[in-house]
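Take a look at the structure set out below.
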2 protein chains.
Amino acid sequence: MAATLITPDQCADSIMTVVPAVTRFLRASIRSHGKPHLSLSQLRVLYFLQRRSQSSLSAVADYLDVTRPTMSAMVDRLVQRGLVHRSPDPSERRRIILSLTPEGTATMERVYRATQQTVADRLEALSAAQLNQISAGLALLSTLFEEPHVSALGQAHGDTE
Amino acid sequence: MAATLITPDQCADSIMTVVPAVTRFLRASIRSHGKPHLSLSQLRVLYFLQRRSQSSLSAVADYLDVTRPTMSAMVDRLVQRGLVHRSPDPSERRRIILSLTPEGTATMERVYRATQQTVADRLEALSAAQLNQISAGLALLSTLFEEPHVSALGQAHGDTE
DNA sequence: GTTAGATAGTTAGGTGAGCTAATAGTTAGC
DNA sequence: GCTAACTATTAGCTCACCTAACTATCTAAC
């Protein structure tokens with residue numbers, strides 16, 4: 001409708017404005033739903049671990065694009081809360097294997113679904129065409145800005161094809 | 001075309017995946033361009049102050065959707081770096097007036113433009129139609145997830161020259 | 001006018017995400 | 001066997017967030 005000609009600069013401008021706003025919304029949603037408060041980053045770690053269980057710390061760090069020390073500290077907190085389990089890898093003894101505890105799985109699913117629902121509630125107001133418009137835009141952004149190896153997360157929402 | 005039927009849940013899923021990825025990209029871009037390193041949040045504060053100069057601390061906090069103590073600490077850092085100036089409001093003596101210093105304006109514009117350019121570079125690969133698709137999606141997200149008062153930032157991308 | 005309530009900003013104290021640099025242990029290459 | 005590369009951790013830092021509590025100021029009500 002208002003789709004006049006857009007320059008990359010203007011589009012970049014929009015990205016820089018909208019993305020932080022949505023980030024704040026996501027953070028607030030997660031906070032309001034988690035009884036043991038999860039951060040957005042923690043949720044992403046748990047979400048990743050659910051589908052790539054037995055990952056090494058480095059693998060998770062690479063996927064989420066943070067340094068290993070950062071991930072090490074994050075895992076510390078998650079282990080301390082009983083959501084993640086660290087175990088040694090027998091074949092590679094410098095590596096650790098990360099996996100979700102049952103509680104970690106439950107917490108992750110609960111918070112993820114609740115957050116997803118909060119976001120979906122906002123989207124309810126839209127028409128199917130508008131939903132598709134958002135979805136198409138996000139898909140493009142995904143190809144442009146996601147780290148290549150992160151695409152597994154991006155693909156993961158499409159098992160209903 | 002590839003726009004099959006999308007459920008709100010799937011769309012929410014995409015949002016939760018893509019938005020953090022783009023956030024990371026923005027953060028990395030800003031970091032790489034600022035000589036005095038600015039954070040994404042700091043850039044947003046400076047960006048806002050440029051077009052709403054003489055704002056009070058609360059006004060900025062409300063716009064960026066953070067608490068006053070958080071904004072107070074952020075302003076502390078920006079003042080310490082000589083980018084922002086705190087002055088008393090003569091008519092309301094409990095209020096402070098925030099404004100960019102010349103250096104603050106210069107730093108903001110440099111970092112903002114460089115970041116915008118980095119983002120725009122990625123967007124160059126797209127067709128006009130794809131650009132419009134992203135733009136349209138972002139516009140919708142903006143109406144859904146931005147705080148009402150923040151819309152001024154969203155409108156603001158067309159005033160250079 | 002004084003007193004009660006709201007409002008603006010700060011301070012104190014905490015959690016968590018992020019970084020770099022340096023370290024210990026492990027594996028692999030030569 | 002020695003070195004080089006890799007995995008994870010520790011230490012030390014900055015910054016973005018939060019809540020609770022405090023000061024100062026303004027407003028309104030009595």
Side-chain angles (χ1 to χ4, degrees), chain A residues 19-21 23-32 34 36-46 54-81 83-98 111, chain B residues 20-21 23-32 34 36-46 48 54-81 83-98 111:
Chain A
V19 166
T23 300
R24 283 208 66 77
F25 182 87
L26 289 179
R27 273 209 288 251
S29 302
I30 296 172
R31 287 222 147 217
S32 68
H37 294 330
L38 287 183
S39 70
L40 177 54
S41 296
Q42 285 173 332
L43 180 60
R44 293 178 74 208
V45 169
L46 299 182
Q54 318 299 318
S55 291
S56 70
L57 188 142
S58 292
V60 184
D62 286 350
Y63 262 85
L64 297 192
D65 196 22
V66 297
T67 62
R68 275 172 289 231
T70 294
M71 187 52 61
S72 189
M74 287 186 65
V75 170
D76 277 349
R77 287 175 215 115
L78 292 170
V79 167
Q80 203 165 8
R81 295 183 190 187
L83 305 176
V84 164
H85 186 242
R86 260 193 188 104
S87 51
D89 182 334
S91 61
E92 294 278 19
R93 278 192 351 238
R94 49 196 166 163
R95 181 171 295 179
I96 62 171
I97 292 176
L98 299 175
V111 176
Chain B
T23 299
R24 283 208 68 77
F25 182 87
L26 288 179
R27 273 209 287 251
S29 302
I30 295 174
R31 287 224 147 214
S32 68
H37 294 330
L38 286 183
S39 69
L40 177 54
S41 296
Q42 285 173 332
L43 180 59
R44 292 178 75 211
V45 170
L46 299 182
F48 173 71
Q54 318 299 318
S55 289
S56 69
L57 189 143
S58 292
V60 184
D62 286 350
Y63 262 87
L64 297 192
D65 198 21
V66 296
T67 61
R68 278 173 285 230
T70 295
M71 187 52 61
S72 188
M74 288 186 64
V75 168
D76 277 350
R77 287 176 215 115
L78 293 170
V79 167
Q80 203 166 8
R81 294 183 190 186
L83 304 177
V84 164
H85 185 242
R86 263 194 186 102
S87 51
D89 183 334
S91 62
E92 293 277 22
R93 281 192 351 239
R94 51 196 165 161
R95 183 171 295 177
I96 62 169
I97 292 176
L98 298 175
V111 175

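By convention in this document, chain letters (A, B, ...) are assigned in the order of the sequence lines, proteins followed by strands, and residues within each chain are numbered from 1. In what follows, every heavy atom counts, from backbone to side chain, and hydrogens, waters and symmetry copies are set aside.
Put simply, the side chain of A:V66 reaches to within 4.5 Å of the side chain of B:R24, judged on heavy atoms.
Here C:dC19 presents its P atom at 8 Å from CZ of B:R31, a figure rounded to the nearest Å. One interatomic measurement links the two molecules: CG of B:L57 to C1' of C:dA8, which rounds to 8 Å at whole-angstrom precision.
One finds a side-chain N or O of B:S58 lying less than 4.0 angstrom from the OP1 or OP2 phosphate oxygen of C:dG9. Contact annotation: A:S56 does not reach the phosphate of D:dT7 (side-chain N/O to OP1 or OP2, under 4.0 Å). OP1 and OP2 of C:dT11 both lie 4.0 Å or more from every side-chain N or O belonging to B:S72. Taking side-chain N and O atoms only, A:R86 has a distance below 4.0 Å to OP1 or OP2 of D:dT9. Of the side-chain N and O atoms in B:R24, one or more sit less than 4.0 angstrom from OP1 or OP2 of C:dC19. Taking only side-chain nitrogens and oxygens, B:R27 comes nearer than 4.0 Å to OP1 or OP2 of C:dG18.
Using a 4.0 Å heavy-atom distance criterion, B:R68 is classed as a base contact. Residue A:M71 is out of contact with every strand shown, counting any heavy-atom pair closer than 4.0 Å. Within the 4.0 angstrom heavy-atom criterion, base atoms lie near A:T70.
Distance alone, capped at 3.5 Å, is enough to place a donor-acceptor pair between the A:T23 side chain and the A:V19 backbone.
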